[in-house]
Amino acid sequence: MADPSNADIAAAFDELADLYELDGAIVHRVLAYRGAAKAVRDAPQSVAALTRAGRVQELPGIGATLEEKLVALVETGTIPALEKLRAKFPPGLVDLTRLPGLGPKRARRLFDELGIDSLQALETAARQKRLQDLRGLGAAFEQKMLEALEQGAGDAPQGRIVLHRAREVGEQIVAALAAHPAADRVELAGSARRMADSVKDLDIVAAATDTRALLDAFTALDVIESSSAPGENAARARTHNGISIDLRVVAPEQFGNLLQHFTGSQAHNVGVRERAVRRGLHVSEYGILDDATGETLRCASEEEVYERLGLTWVPPELRENRGELDLTEVPPLVTVEDLKGDLHMHTVASDGHNTIEEMARAALDRGYEYIAITDHSASHGFGNDVSPDELRRQIDRVRAVDATLDGIELLIGTESNIGVDGALDYDDELLAELDWVIASVHTRFAMPAEQMTARVIAACEHPSCDAIGHLTGRKIEQRAAYAIDVDAVIEAAARTGTMLEINGAPDRRDLNDVHARAAAQAGVPILIDSDAHRTTTLANVRWGVATARRAWLGPAAVANTLPWAEFAPLRKRAR
DNA sequence: GCCGTTTTCGGCCCGACTGTTTTCAGTCG
């Protein structure tokens with residue numbers, strides 16, 4: 001039996017939290033399960049393996065009881081308490097809690113007192129006006145439920161917006177507001193500031209000399225379709241392309257508190273506040289209340305907020321409660337400017353839109369010292385098929401352009417498909433003639449995890465395979481990662497000297513932050529590549545850098561921050 | 001159920017909103 005993945009374990013703990021909540025457990029017990037689920041999901045190593053090793057209590061939020069449940073899950077494939085609770089409550093009951101305004105307490109009462117066990121049963125009861133029979137619930141609640149059901153609120157979790165789309169809108173609005181005469185400071189906050197993979201909505205915070213004027217300017221922007229005003233210093237709006245935006249405005253002396261609060265994440269803020277309480281301080285969006293003096297401290301800057309709490313300021317990308325509150329100094333994180341090369345891009349030879357020379361000149365403009373031209377290999381047919389003969393001609397073309405350009409090293413490479421059996425395209429001799437080979441899975445995503453893992457490990461063991469591209473094949477908000485044992489691949493990459501890529505395509509960002517952190521900790525050199533298909537998308541490394549930063553990676557962990565002379569010998573073929 | 005600069009029990013982040021109440025429970029971010 002294969003070990004459960006961290007995602008599987010986290011899902012089991014989340015389900016236990018939901019069911020214990022329905023069961024009426026005290027909220028702190030429920031939160032303990034949710035916290036444990038998050039710790040497992042964020043863990044950069046296999047939690048199943050940690051459990052076997054008897055070390056799982058090293059994870060924050062895992063104690064003796066949860067260890068016992070993990071041992072059961074790893075050894076038997078199931079958790080007895082979970083089976084018991086599943087038998088106790090109909091599966092449709094958890095669906096009810098997805099409706100806004102209907103949580104576990106009310107769901108439990110609807111079940112106990114009216115026998116409601118599904119969205120369908122809720123709708124029927126609401127139409128028959130039976131919900132208002134319950135003490136504490138009235139006609140307004142009933143109406144709200146019917147409206148929510150009509151809008152399909154219970155059907156499926158709402159889709160999130162991939163970060164680059166949200167930031168495009170957000171950055172534009174921030175720039176427009178910052179230029180307004182009433183604006184003192186304007187910043188994007190929330191998960192967009194933390195550079196998460198995707199966002200639910202946008203949070204913008206501002207300090208202004210004239211709050212009313214700035215709010216009016218915001219709602220009058222061309223991109224805004226509709227707006228409402230939930231308070232004196234706030235506006236909520238929707239853009240024409242369907243993105244919800246919250247704007248909050250405060251006086252400049254309070255801006256640091258507001259920015260810190262709305263940047264989150266929730267888990268980070270909870271961690272911050274728990275530590276503050278131990279010092280007799282209470283943190284909110286309005287300030288820091290000091291028990292000793294009864295006074296509320298306001299901070300103009302975010303740095304001041306952290307300093308007053310005795311904490312090191314935390315870069316927004318790290319604010320996920322993954323250990324950042326124990327930092328004693330701000331860690332060095334990789335930046336776009338640190339990158340000296342890009343090892344994954346396409347040209348008109350396969351499915352790209354620009355020539356070798358155009359890509360090279362664009363790379364020079366970005367200040368790169370080296371790039372690899374890595375058109376798709378022939379077996380799967382992206383755009384034009386690059387046959388072995390075509391690849392030989394491409395070698396000559398790249399060498400020719402390289403000879404005409406100063407200041408940049410042009411590598412001839414390929415993005416080779418990884419076959420079902422782990423074989424690369426092109427014969428070994430031709431692969432060995434290249435300067436660089438990145439290998440990726442593009443077919444047969446549905447194979448079992450054991451086979452997919454063996455397939456990619458086989459590629460790692462090929463002497464000409466320098467790196468693995470977009471390891472898990474995920475497309476953010478579109479397609480889940482295929483089943484693969486990432487830990488096993490990381491181990492193989494470390495053993496064979498194969499680099500692992502963070503693909504910068506904004507809907508890939510693959511490796512993700514958790515995997516990239518684990519790979520770097522295992523000593524695997526990480527690449528940040530654009531996977532550009534035209535000159536303009538070379539800039540996509542921005543999203544790869546964002547993921548690297550969320551993975552706590554400094555420049556030293558990222559191989560293509562090295563100058564060519566130091567990068568070249570790191571390639572497997574040069575070792 | 002976890003956890004410890006209040007250490008093995010007694011706490012556990014903060015504030016806003018809603019609908020129902022007449023002081024508050026539940027929900028949400």
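Lettering of chains follows the sequences in order, A, B, ..., and the numbering in each one begins at 1.
- A salt bridge does not link D112(A) to R109(A): none of the charged nitrogens lies less than 4.0 Å from a carboxylate oxygen.
- If you check every strand for non-hydrogen atoms under 4.0 Å, H261(A) touches nothing.
- Of the N and O atoms on the side chains of T211(A) and N233(A), not one donor lies less than 3.5 Å from an acceptor on the other residue.
- Here L99(A) lies in heavy-atom contact (under 4.0 Å) with sugar-phosphate atoms only.
- A300(A) approaches R185(A) most closely through the heavy-atom pair O-NH1, 4.4 Å.
- In this model, a donor atom of one side chain and an acceptor atom of the other lie less than 3.5 Å apart for Q260(A) and N269(A).
- Using a 4.0 Å cutoff to heavy atoms of chain A, the contacted part of DNA chain B runs 5' to 3' from dG1(B) to dC28(B).
- When the C1' atom is compared between dC13(B) and dC28(B), the two are found 14 Å apart, to the nearest whole Å.
- By the 4.0 Å N-to-carboxylate-O rule, D507(A) lies too far from R165(A) to be salt-bridged with it.
- A36(A) comes within 4.0 angstrom of no nucleic acid atom, judged by non-hydrogen atoms across all strands.
- Among residues two or more places apart in sequence or in another chain, the side-chain contact (heavy atoms from CB on, under 4.5 Å) test is passed with V314(A) by H268(A), Y306(A), L318(A), R319(A), E324(A).
- Residue pairs that meet the ring pair (Phe, Tyr, Trp, His ring centres under 6.0 Å) test with at least one member in residues 205-259 of chain A, sequence neighbours left out, do not exist here.
- Across all strands shown, dG4(B) forms a Watson-Crick or G-U wobble pair, both distances under 3.5 Å, with dC9(B).
- Between H164(A) and W543(A), the ring planes are perpendicular. Angles over 60° get that label, and only those under 30° would be called parallel.
- If you check every strand for non-hydrogen atoms under 4.0 Å, A81(A) touches nothing.
- Taking the P atom of each, dT20(B) and dC14(B) are spaced 30 Å apart, rounded to whole Å.
- Within residues 101-131 of chain A, the residues approached by DNA chain B to less than 4.0 Å at the level of any non-hydrogen atom are G101(A), L102(A), G103(A), P104(A), K105(A), R106(A), in residue-number order.
- Looking at R29(A), R34(A), K105(A) one by one, the single match for salt bridge (charged side-chain N to carboxylate O under 4.0 Å, His left out) with E21(A) turns out to be R34(A).
- Near DNA chain B, meaning a heavy atom under 4.0 Å from it, residues 271-278 of chain A has R273(A), E274(A), V277(A) in order of number.
- dT27(B) and dT21(B) are spaced 16 Å apart, taking the P atom of each and rounding to whole Å.
- When the C1' atom is used for both dG1(B) and dT8(B), the distance is 14 Å, rounded to whole Å.
- In terms of position along DNA chain B, the nucleotide closest to V283(A) lies nearer the 5' end than the nucleotide closest to the other residue of the pair P230(A) and V283(A).
- Rounded to a whole angstrom, the distance from the P atom of dC17(B) to that of dC12(B) is 24 Å.
- Residue contacts shown for I26(A) include a base, since a base heavy atom lies under 4.0 Å away.
- For the pair V250(A)/Y286(A), no side-chain contact is recorded, criterion being any heavy-atom separation below 4.5 Å from C-beta on.
- R86(A) is linked by a side-chain contact (heavy atoms from CB on, under 4.5 Å) to E15(A), L19(A), L82(A), E83(A), counting only residues two or more places apart in sequence or in another chain.
- Position along DNA chain B of the nearest nucleotide to P100(A) versus G136(A) favours G136(A) as the more 5'-ward residue.
- I528(A) is listed as a side-chain neighbour of V334(A), based on a closest heavy-atom distance under 4.5 Å.
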